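Beneath this line is the structure, given in structure tokens, with notes to follow.
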Amino acid sequence: MADKQHLYLVDGSSYIFRAYHRLPPLTNPEGTPVGAVYGYTTMLWKLADDLDKAEGPTHLAVILDKSSHSFRNELYAEYKAHRPDPPEDLVPQFPLIRDATRAFSLPCIEEQGYEADDLIASYAKAATRKGWDVTIVSSDKDLMQLIGQCAEDHLDPGVAEGGCIDMLDTMKDARIGREEVIEKFGVPPEKVGDVLALMGDSVDNVPGIFGIGPKTASKLIAENGDLAAALDSAADMKPSKLRERLLEGRDMAMLSRELVELKSDIALPVALEDMKLDGIPPEPLAEFLTTHGFNSLLKRLHAGSGSPTRTTNLNPAKQETAGAPASREGNRQAPPEMPPVDRSGYECVQTMERLQAWIDRAFAARLVAVDTEASSLDSIQADLVGVSLALGPNDACYIPLGHGGSDMFAEKPEQVPLADAVATLKPLLESDAVLKAGQNIKYDINVLARHGIALGPVDDTMIISFDMDAGRQADGIGGGHGMDELSERHLGHTTLAFKDICGTGKKQIPFGEVPIARATEYAAEDADVTWRLHTLLKPRLALEGSTRVYERVDRPLIPVVAQMERHGIRVDRARLAKLSDEFATETAKLEGEIHQLAGQEFTIGSPKQLGDILFDKLGYKGGRKGKSGQYSTDQGILEGLAAQGAEIAQKVLDWRQLAKLKSTYTDALQEAINPATGRVHTSYSLVGAQTGRLSSTDPNLQNIPIRTAIGRQIREAFVPEEGNVLLAADYSQIELRLAAHMCDVPTLKEAFLAGEDIHARTAQEMFGTVDRDTRARAKTVNFAILYGISRWGLAGRLGIEPDEAQAIIDTYFQRFPGIQAYIHSTLEQVRTRGYSETLFGRKTWFPRITSTHQAERQGSERAAINAPIQGTSADIIKRAMVRMMPALDEAGLGHVRMLLQVHDELVFELPEGDVDTAGPVIERVMAEAALPAVELTVPLGIEIGHGKSWDAAH
DNA sequence: TCGTTCACG
DNA sequence: GACGTACGTGAACGAG
């Protein structure tokens with residue numbers, strides 16, 4: 001069981017008023033008053049710093065009032081009507097409260113039409129129903145109604161004991177519980193609303209009953225039980241002033257009761273789980289503190305001690321290097337005081353006693369590097385062969401578990417029995433108190449999942465490297481984040497290569513057949529190197545400004561993606577086989593016809609042979625030789641020939657389409673079906689695309705055909721289990737929407753806000769008229785913008801002259817002001833800093849932007865223009881993925897399975913009957929995925945569909 | 001191993 | 001005057 005969760009809800013609005021009156025009128029370097037902001041900042045600091053304390057928060061959020069108008073004004077126009085305007089030098093501090101909250105990377109929640117109190121009530125109730133404790137940081141007496149224990153009959157399913165709500169007044173440093181409420185009001189918390197209804201509240205202009213103050217009110221409620229009874233009791237009273245007032249004021253009291261009632265069933269704009277407090281990225285905080293001249297806090301932040309930031313639980317002292325700017329070219333650096341890798345000291349663990357000793361040490365260390373060896377690169381069907389652990393440089397072991405066995409005559413090495421080892425390792429590998437560091441740890445998560453181990457919490461050196469250094473090596477072979485490369489680059493150490501241990505090709509042996517002494521050298525080294533890389537790279541995250549994207553986006557995504565891979569998706573083998581047959585028949589027929597037309601047999605699949613036939617032998621015009629000296633025969637060329645009436649060109653196009661579909665999809669997908677699960681399990685790479693997108697391999701399920709009717713048949717073979725459906729949810733035009741927001745283009749934003757067809761609107765703006773042709777041209781131009789435009793590229797796409805294309809580009813920039821400025825500033829930033837950034841702080845490096853080679857440089861420029869947009873889109877869907885299962889769980893839909901991600905689409909499998917409940921949850925999570933970190937000025941549109949196949953779900 | 005082609009967003 | 005022209009991917013295939 002996880003430790004008890006404790007949610008802190010900070011009533012930000014009420015705090016700021018009190019802070020204002022208590023603190024001196026400080027101003028920041030720009031002269032803006034910031035006294036109240038300073039007070040607020042120190043309070044958040046203190047709260048976040050209590051993370052490790054017994055009563056401290058595990059989750060924290062700030063709740064603010066959105067505006068002064070709420071549903072209570074509908075009930076009573078006078079509500080809060082007589083409030084004086086806030087002091088002049090407090091007004092500019094309100095928005096800074098949000099900045100301060102964001103600087104702490106904490107969620108900041110406000111909702112139109114509701115007051116902070118209602119949101120607090122809703123969150124507090126929801127949390128206690130889950131068994132979480134709640135502390136409301138406020139001193140507002142209205143909130144005292146909420147204090148107490150969650151009643152048993154209100155608990156969420158599966159929760160044994162309800163949570164408890166109390167309040168914390170940080171200014172008086174006082175906890176307010178049930179006793180304190182009784183002391184103050186003379187009644188328990190649940191009766192506070194009744195007392196308030198009688199006495200009224202002059203600050204909020206809640207009327208109450210004239211002439212009844214707190215004393216009388218609490219006495220009446222205490223004696224009669226509740227408000228209704230207290231009002232009724234007037235009838236039996238002796239004639240008195242009080243009796244008259246009660247009888248006359250009855251309606252006002254009832255209205256007041258409604259006004260003070262807190263609304264506790266508001267749909268929660270941010271999921272409770274997203275309030276998790278686990279390490280506050282220091283750099284946004286440092287930036288905020290610097291901006292406002294909060295130097296004493298800044299000093300504390302840099303000193304490391306007493307700061308609320310915790311990137312990891314190791315190496316807290318490495319802060320001296322914080323001032324050194326990161327090297328632009330890369331990060332070759334002398335390894336710190338770590339001894340060179342020495343494989344001779346690794347231990348091969350062969351007994352329970354030794355295994356237990358390592359586990360005990362790992363618990364004490366609280367950080368262990370883990371690596372699993374298995375029988376296959378496919379983690380879904382790989383059998384566990386061994387586990388290695390590292391606790392420090394050269395302090396590593398290998399635990400062989402599945403060695404020997406294929407050769408019946410060879411002696412099997414002594415090993416801890418697999419089941420025993422698994423049972424013994426499980427508590428360590430699952431312990432919240434021990435961080436597991438791995439290189440591509442998603443693989444290990446999946447291998448271990450087959451043995452009932454839910455590995456976590458985890459850190460991944462590959463992803464840490466990616467988040468800091470994506471694109472940084474211009475010669476990025478293999479992405480540049482593989483362990484061998486990282487070891488070479490950061491440790492100056494060459495690791496043993498897998499092929500040196502197991503060989504390659506036909507002579508390759510399974511890892512389980514490697515003698516255990518040799519296996520220990522290889523496997524323990526991997527754990528050792530991983531430990532070293534983690535120690536070196538993790539603290540660098542903060543210095544590079546990448547903690548936030550790692551901690552908030554990519555790291556939490558690891559187990560989510562691992563789970564998706566394990567789910568897999570069912571494909572209908574018979575259907576694919578039938579398609580394969582049809583495609584085979586058709587290609588054979590086309591092949592004969594093509595050979596006939598060519599007058600000879602040749603390999604149609606060879607562009608070289610095809611080019612020679614078309615342009616030399618048959619003499620068609622339009623031949624274009626590339627740098628390889630070979631004719632190009634790509635789609636565009638062949639379509640050109642077909643338009644000239646070349647029958648053979650059309651037939652080659654048809655042949656190519658069918659051959660492609662057969663070899664890449666219908667044949668390959670059947671091969672990819674896992675015999676154990678009957679499903680296809682792709683592997684996602686979190687470091688595959690420089691922009692932060694995922695990529696999919698073995699098989700690639702992100703390029704299944706959809707654009708043509710014939711290709712779409714393949715999607716019909718992706719099916720749910722009996723009784724289930726597939727549900728597909730897409731972000732509609734997300735990149736254009738993001739471009740509209742990021743470039744701040746008024747026309748485009750309006751169009752999206754109004755729900756218009758964006759390409760039609762573009763056509764209207766550009767060409768003054770909308771028809772099929774202008775809309776299609778506008779669509780092309782819109783994409784051209786996203787991809788970094790050139791007159792020649794656009795001319796090629798639109799089939800016009802470069803001059804005309806340039807005219808269109810000029811018009812576009814003129815009609816949509818903001819785009820050009822975005823391009824300019826993005827390139828400027830990339831040229832000076834070396835990297836581009838998404839709205840969520842993901843960096844992509846472009847070392848070639850300064851290349852003297854023009855084509856190379858221009859290529860980088862186009863990529864740099866696109867990266868923030870494509871990358872922000874990737875960040876958004878990743879955030880949605882992280883929040884998806886908790887949100888579905890919350891709605892009692894934990895059995896819904898998220899199967900696939902295709903850049904702007906998520907595919908789910910669920911029982912047919914749950915579509916109506918799951919759809920809105922999925923839609924909401926996706927639509928709100930940018931919040932609270934980024935507030936977009938355009939809505940994120942979601943299109944959702946379901947059906948008995950992936951095709952039918954669109 | 002490289003270049004070409006083409007499937008996707 | 002030559003580059004070679006849209007951003008990001010992965011897989012299959014032919015050719016050397």
Side-chain angles (χ1 to χ4, degrees), chain A residues 470-471 479 602-611 624 626-638 652-653 655-669 671-672 682-685 687-708 710-712 714-715 730-736 739 780-798 802 805 809 836 844 846 851-871 873-874 877 900-905:
Chain A
F602 68 101
T603 308
I604 304 169
S606 163
K608 186 175 170 7
Q609 291 185 34
L610 178 65
R624 182 161 56 79
K627 59 180 163 201
S628 57
Q630 179 182 310
Y631 289 112
S632 171
T633 64
D634 67 21
Q635 209 162 28
I637 298 280
L638 293 182
V652 170
L653 283 169
W655 181 91
R656 279 214 183 131
Q657 181 185 25
L658 294 171
K660 171 92 176 178
L661 293 178
K662 182 172 186 295
S663 71
T664 309
Y665 301 105
T666 57
D667 289 353
L669 279 173
E671 292 297 310
T682 184
S683 174
Y684 288 104
S685 171
V687 302
Q690 302 298 321
T691 52
R693 273 190 178 180
L694 302 188
S695 71
S696 159
T697 58
D698 308 307
N700 181 356
L701 294 185
Q702 291 183 321
N703 71 346
I704 302 300
I706 192 169
R707 292 173 187 170
T708 65
I710 188 156
R712 247 193 327 266
I714 292 163
R715 288 201 174 216
D730 292 39
Y731 283 107
S732 152
Q733 306 288 3
I734 187 169
E735 292 193 2
L736 270 176
T780 300
V781 177
N782 275 329
F783 279 106
I785 295 298
L786 296 181
Y787 297 154
I789 199 164
S790 82
R791 72 186 76 171
W792 299 279
L794 185 61
R797 294 279 162 149
L798 290 178
I809 294 167
S836 71
T844 305
F846 294 92
S851 169
T852 50
H853 186 258
Q854 186 176 260
E856 197 172 81
R857 186 174 66 248
Q858 288 174 338
S860 276
E861 287 172 355
R862 292 190 296 269
I865 290 165
N866 180 249
I869 297 168
Q870 187 180 118
S873 160
I877 196 166
L900 302 178
Q901 190 252 42
V902 194
H903 310 309
D904 64 358
E905 172 185 8

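Each chain gets a letter, A, B and so on, in the order its sequence line appears, and its residues count up from 1. Predicted model, so just to flag it, every value in this text is computed and none were measured.
- Nucleotide B:dC8 holds its C1' atom 12 Å from the CG atom of A:Asp730, rounded to whole Å.
- Residue A:Gln635 places at least one side-chain N or O closer than 4.0 Å to OP1 or OP2 of B:dA7.
- Rounded to whole angstrom, the span from the CZ atom of A:Arg656 across to the P atom of B:dT5 amounts to 6 Å.
- OP1 or OP2 of C:dT9 has not a single side-chain nitrogen or oxygen of A:Thr691 nearer than 4.0 Å.
- Rounded to an integer number of Å, the gap from A:Glu735 CD to C:dT9 P is 13 Å.
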Once base and sugar-phosphate atoms are separated, protein heavy atoms under 4.0 Å mark nucleotides 11-16 of chain C, 5' to 3', with B, S and - as BSSSSS

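- In this structure, the side chains of A:Leu694 and A:Gln702 come closer than 4.5 Å at one or more pairs of heavy atoms.
- Put simply, the side chain of A:Arg862 never gets that close to the backbone of A:Tyr787: no donor and acceptor are under 3.5 Å apart.
- Stem regions annotated for DNA chain C: B:1-9 with C:7-15, counting only runs of 3 or more consecutive pairs of Watson-Crick or G-U type with both contacts under 3.5 Å.
- Considering all non-hydrogen atoms of both residues, A:Leu794 and A:Ala784 come closest at CD1-CB, 4.0 Å.
- In terms of heavy atoms, A:Thr708 sits closest to A:Gln657 at OG1-NE2, 3.1 Å.
- The nearest pair of heavy atoms linking A:Ala739 to A:Leu786 is CB-CD2, 3.7 Å.
- The side chain to side chain contact (heavy atoms under 4.5 Å, CB included) test applied to A:Arg791 returns A:Pro802, A:Ala805, A:Gln806, A:Ile809, not counting sequence neighbours.
- Closest approach of A:Arg715 to A:Ile704, counting heavy atoms only: NH2-O, 2.8 Å.
- Counting only heavy atoms from C-beta outward, the side chains of A:Tyr665 and A:Asn703 approach each other to under 4.5 Å.
- Distance noted for atom P between B:dG3 and C:dG4: 12 Å (whole Å).
- Judged by atom type and distance alone, A:Arg797 reaches the base of C:dA6 through a side-chain donor-acceptor pair under 3.5 Å.
- For the pair A:Gln854 CD and C:dG1 P, the interatomic distance rounds to 15 Å; values are reported in whole Å.
- Nearest nucleotide to the side chain of A:Leu794, out of B:dC8, C:dC7, C:dA6: C:dA6.
- Using a 4.0 Å cut-off, no side-chain N or O of A:Arg862 falls inside it from OP1 or OP2 of C:dT5.
- The P atoms of C:dA6 and B:dT4 are separated by 14 Å, rounded to the nearest whole Å.
- Look at the C1' atom in both B:dT5 and C:dA2: the space between them is 26 Å, to the nearest Å.
- In this structure, A:Ile809 places its CD1 atom 11 Å from C1' of C:dA6, rounding to the nearest Å.
- Following rounding to the nearest Å, A:Ile710 (CD1) and B:dA7 (C1') show an atom-to-atom distance of 14 Å.
- Listed candidates were C:dT9, B:dG9, C:dT5. Nearest to the side chain of A:His903 is B:dG9.
- When all heavy atoms are compared, the tightest approach of A:Thr844 to A:Thr691 is OG1-CA, 4.1 Å.
- The side chain of A:Gln657 lies closest to B:dA7 when the candidates are B:dA7, B:dC8, C:dT5.
- Considering only side-chain N and O atoms, A:Arg707 lies under 4.0 angstrom from the phosphate OP1 or OP2 of B:dG9.
- Between A:Tyr665 atom OH and C:dG10 atom P the separation is 13 Å, expressed in whole Å.
- Looking at heavy-atom distances under 4.0 Å, A:Thr780 makes contact with a base.
- When all heavy atoms of A:Gly793 and A:Ser790 are compared, the pair lying nearest together is N-OG, 2.9 Å.
- A straight line from CH2 of A:Trp792 to P of C:dG1 spans 15 Å, rounded to a whole angstrom.
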